[in-house]
Peer 1: 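Structure incoming, see below.
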Amino acid sequence: MALASHTWKLPEQVCLQPGLAAVRGRVFILYHPVTPTLERALEEAEAYLELRHHFESMSVFIWLGQPFPPPAPEIRAALAAGFAGGPKVDAVGWVVDSDHSLGASVVHSVSTQMFPGVSCVQLFREPFEAAHWLSVVAKTEAELILDGLDTLDRAQPA
């Protein structure tokens, strides 16, 4: 079910480039079916930086379709700078579409580089589990978080 933008429960209207990222409640959502390019990472970092005008803190939800190859150091650095300069990151929920323990290990390593100092980080295999966990942490309905992820999925080129 697609939700209208007025149900986002934002303190004011926040406009993001369609398909780049989504905001639902206090959750910033990224959708990476493949490793993002540096250009994409810079755009996502800039979008998060802009949210500092609207939020003091947020949680982050990242759906990762492929843990390999991991993002290059410059991509990790661009995202880390955006997350460091934007609203304080309270929690990070990663969805890793892989059942390989090595993939989870790589994502954990990348996460510590992108979110230094954030101790509330969880990895999940299913978006529903991550959305439920973040709904408690970010006080945002899980259905809204999943709607944001679905919106990004539908915005991807075929």
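Below, all heavy atoms of this structure are taken into account, side chains as well, without hydrogens, waters or symmetry copies.
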Peer 1: First locate atom CG of Leu123, then atom CD of Glu129, and finally report the distance between them rounded to the nearest 0.5 Å.
Peer 2: 11.5 Å
Peer 1: So that I can tick it off, tell me whether Glu44 and Arg40 are bridged by a salt bridge, with the cut-off set at under 4.0 angstrom between side-chain N and carboxylate O.
Peer 2: yes
Peer 1: Can you tell me how far the CZ atom of Arg76 sits from the OG atom of Ser111, to the nearest 0.5 Å?
Peer 2: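 Arg76 CZ to Ser111 OG: 11.5 Å, rounded to 0.5 Å.
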Peer 1: Answer yes if Leu20 and Leu152 sit in the same cluster of Ile, Leu, Val, Met, Phe, Trp and Tyr residues linked by side chain heavy atoms under 4.5 Å apart, and no otherwise.
Peer 2: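 No, it is not one cluster - the side chains of Leu20 and Leu152 are not joined through contacts under 4.5 Å.
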Peer 1: Closest approach of Ala142 and Ser135, non-hydrogen atoms and distance?
Peer 2: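 The pair with the smallest heavy-atom distance is N-CB, 3.6 Å.
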Peer 1: Could you list the donor-acceptor pairs under 3.5 angstrom formed between side-chain atoms of residues 56-72 and any protein atom two or more places apart in sequence or on another chain?
Peer 2:
residue	atom	partner	partner atom	Å
Ser57	OG	Arg26	NH2	3.0
Ser57	OG	Asp90	OD2	2.9

Peer 1: Could you tell me whether the side chain of Thr140 and the main chain of Ala138 form a donor-acceptor pair under 3.5 Å?
Peer 2: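 Answer holds: yes.
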Peer 1: If hydrophobic clusters are built from ILVMFWY residues whose side chains come within less than 4.5 Å, do Val118 and Met114 share one?
Peer 2: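 As far as the 4.5 Å side-chain criterion goes, Met114 and Val118 are connected within one cluster.
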Peer 1: Could you check if a side-chain atom of Val23 sits within less than 4.5 angstrom of a side-chain atom of Ile29, using non-hydrogen atoms only?
Peer 2: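 Not touching, per the 4.5 Å side-chain cut-off.
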Peer 1: Would a distance-only check, ignoring hydrogens and angles, find a side-chain to backbone donor-acceptor pair under 3.5 Å from Glu50 to Glu46?
Peer 2: no
Peer 1: Please test Gln122 against Val92 for side chain to side chain contact (heavy atoms under 4.5 Å, CB included), starting from the C-alpha separation and ending with a verdict.
Peer 2: CA-CA 6 Å; Gln122 293 286 329; Val92 181; over 6 Å; no
Peer 1: Under 3.5 Å, side chain of Tyr48 to main-chain N/O of Pro87, donor-acceptor pair present?
Peer 2: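 Yes: the side chain of Tyr48 pairs with the backbone of Pro87.
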Peer 1: With hydrophobic residues grouped by side-chain heavy-atom distances under 4.5 Å, do Val110 and Phe28 end up in a single group?
Peer 2: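 They do share one cluster, since a chain of ILVMFWY contacts under 4.5 Å joins Val110 to Phe28.
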Peer 1: List the steps and the verdict of side chain to side chain contact (heavy atoms under 4.5 Å, CB included) for Asp153 and Leu149.
Peer 2: CA-CA 6 Å; Asp153 180 48; Leu149 183 63; 5.7 Å; no
Peer 1: Find the distance between CD1 (Ile75) and CD (Glu39) and round it off to the nearest 0.5 Å.
Peer 2: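 Going from the CD1 atom of Ile75 to the CD atom of Glu39 covers 11.0 Å.
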Peer 1: So, for Trp133 and Phe124, is the gap between ring centers shorter than 6.0 Å?
Peer 2: yes
Peer 1: How long is the span from the CG atom in Leu38 to the CD atom in Glu43, to the nearest 0.5 Å?
Peer 2: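 One gets 10.0 Å once the value is rounded to the nearest 0.5 Å.
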Peer 1: Where do Ala41 and Ala78 come nearest, in terms of heavy atoms and distance?
Peer 2: CB-CB, 4.4 Å
Peer 1: Hydrophobic cluster membership, with links at side-chain heavy-atom distances under 4.5 Å among I/L/V/M/F/W/Y: are Val89 and Leu49 in one?
Peer 2: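 No, it is not one cluster - the side chains of Val89 and Leu49 are not joined through contacts under 4.5 Å.
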Peer 1: Between Glu126 and His132, is a side chain to side chain donor-acceptor pair (under 3.5 Å) present by the stated rule, with each step listed?
Peer 2: CA-CA 10 Å; Glu126 295 293 330; His132 175 71; over 6 Å; no
Peer 1: Show the numbers, then the answer: is there a side chain to side chain contact (heavy atoms under 4.5 Å, CB included) between Val96 and Arg125?
Peer 2: CA-CA 5 Å; Val96 182; Arg125 289 211 45 230; over 6 Å; no
Peer 1: So, for Ala91 and Leu134, which heavy atoms are closest and what is the spacing to 0.1 Å?
Peer 2: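 Smallest interatomic distance, heavy atoms only, reads CB-CD2, 4.3 Å.
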Peer 1: Shared ILVMFWY cluster between Leu30 and Val121, side chains joined below 4.5 angstrom?
Peer 2: yes
